[in-house]
Every structure is written in C-alpha cells, then in structure tokens.
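Comments concern the structure below.
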Amino acid sequence: MKEKTEGVQKIWDRYKYAILVALIGAGLLLWPGEGLWGFFGERPEALPKEETGAAEVQTIQREMESILGAMTGVGQVRVMLTAESDGERKLAQDTELRYSGSTAAPEDYTRTSETVLTNGGAVVVQSRYPTYRGALVVCEGGGNPEVRLAVTEAVAALTGLPTDRVTVAKWQ
C-alpha cells in the first residue's frame with residue numbers, strides 16, 4: 001500500500017502544474033452567465049444575419065460611392081466592383097469530443113460541433129474581405145485627369161486592386 005501512495009505522490013509531483021492548468025481551464029469553460037467571455041469581458045464581433053457574400057460587396061460599393069462622392073471634383077458617382085471571391089468568415093464553433101477507452105488509444109469516439117450564436121447572429125472569429133477582379137467608377141468629374149487619378153488611387157487603396165484594374169469614366 002505504501003508503494004501505491006509513493007507512486008501517486010511521484011505522479012502528482014511530476015504533473016501537478018498540468019493538472020492545475022487543466023482544472024482552471026475546465027472552471028473557466030463552466031463559468032456561469034457569459035461563460036469564458038464573461039470572465040474576460042470581451043466577445044468576438046457578431047456577424048449580422050444579412051451580411052454575406054454579394055450583400056457585403058453591395059454594401060462596400062455603397063460606402064465607396066459615399067466616400068468618393070465627398071472628394072473634390074468627383075460629383076455624382078456610381079461604383080461597380082467585380083468579385084473573384086466573396087471573402088471568408090470563420091465562425092466560432094462549440095465542439096465536444098467523447099471517447100471510450102484510454103486516452104492514448106481510444107476504442108471509439110464521437111465529435112459534435114455547433115456554431116456559436118448570439119442575438120445578432122453567428123459569432124465571427126476571423127474575417128477576410130472579398131478578392132476583387134476589377135472596378136468601374138462612373139462620376140461627373142471623370143473627364144478631369146486629376147480627379148480620375150485621385151479616384152483611381154482611392155479605389156486601389158480601398159480594394160487592394162492594382163491601378164490598371166480600376167477604370168474611371170465620365171458621367172453622361
């Protein structure tokens with residue numbers, strides 16, 4: 001019996017910090033209320049339900065029209081962006097793994113995963129903007145070379161497009 005107690009004592013001495021970290025982690029996951037986010041006081045941004053794919057490109061086009069229209073000499077403006085990809089969002093997942101047998105060689109396991117939702121929609125943990133193929137800007141000041149250059153540089157800066165993929169034309 002004394003050998004068993006000494007064996008347990010040796011294991012505890014060797015792995016006590018790992019066990020304590022695991023227990024603290026489990027305690028944080030089970031924290032009441034907002035769970036782990038209630039403890040740290042931050043929550044990832046929630047994805048609005050309607051903001052996906054083509055809707056996001058249209059929203060960006062409207063914002064660009066507003067910004068470009070405020071520039072000197074541009075006047076009335078319309079923007080069209082062609083997207084190569086719609087962008088990407090990585091959503092927070094609540095994953096549970098259950099297994100039977102030893103942890104080193106489980107006999108059987110199951111994994112379930114659910115998207116984390118809030119009142120505002122799904123919780124986004126990573127977001128990438130769409131990749132654009134080109135942009136067309138039609139504006140009243142499109143005939144002026146200085147305005148054309150300023151608009152081209154602004155669109156290139158906002159979209160990441162090279163300037164040769166941005167066309168600025170004069171409004172009729």
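Position 1 is the first residue of the sequence, and the numbers go up from there.
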message: Quick one, T163 and V155 - any side-chain contact, counting heavy atoms below 4.5 Å?
response: no
message: How long is the straight-line distance from SG of C139 back to CZ of R78, given to the nearest 0.5 Å?
response: 13.0 Å
- line: The side-chain contact (heavy atoms from CB on, under 4.5 Å) partner of M64 among V137, T59, L81 is L81
- line: Interatomic distance, CD@E96 vs OG1@T110, rounded to 0.5 Å, equals 7.5 Å
field: N/O donor-acceptor pair under 3.5 Å between E140 side chain and Q76 backbone
entry: yes
- prompt: Under a 4.5 Å side-chain heavy-atom rule over Ile, Leu, Val, Met, Phe, Trp and Tyr, are V147 and L158 clustered together?
  reply: yes
task: Return yes if some donor-acceptor pair links the side-chain N/O of E65 with the main-chain N/O of V79 below 3.5 Å, else return no.
output: yes
task: Could you give me the CA-CA distance, side-chain angles and deciding distance for Y132 and R165, then say whether side chain to side chain contact (heavy atoms under 4.5 Å, CB included) is met?
output: CA-CA 9 Å; Y132 300 106; R165 297 221 175 204; over 6 Å; no
- line: Between M71 and A154 the two heavy atoms that sit nearest each other are SD-CB, 4.2 Å
- request: Determine yes or no for a side-chain-to-main-chain donor-acceptor pair under 3.5 angstrom, with T82 supplying the side chain and G134 the backbone.
  value: yes
query: If two hydrophobic side chains count as joined below 4.5 Å and joins carry through other members, does V74 share a cluster with V138?
result: no
query: M80 and L161: same hydrophobic cluster, using ILVMFWY side-chain contacts below 4.5 Å?
result: no
- prompt: Could you give the distance from CZ (R62) to CD1 (I67), rounded to the nearest 0.5 Å?
  reply: 13.0 Å
task: Output yes when a side-chain donor or acceptor of R148 lies under 3.5 Å from a complementary backbone atom of G142, and no otherwise.
output: yes
query: Rounded to the nearest 0.5 Å, what separation is found between the CZ atom of R111 and the CZ atom of R98?
result: 14.5 Å
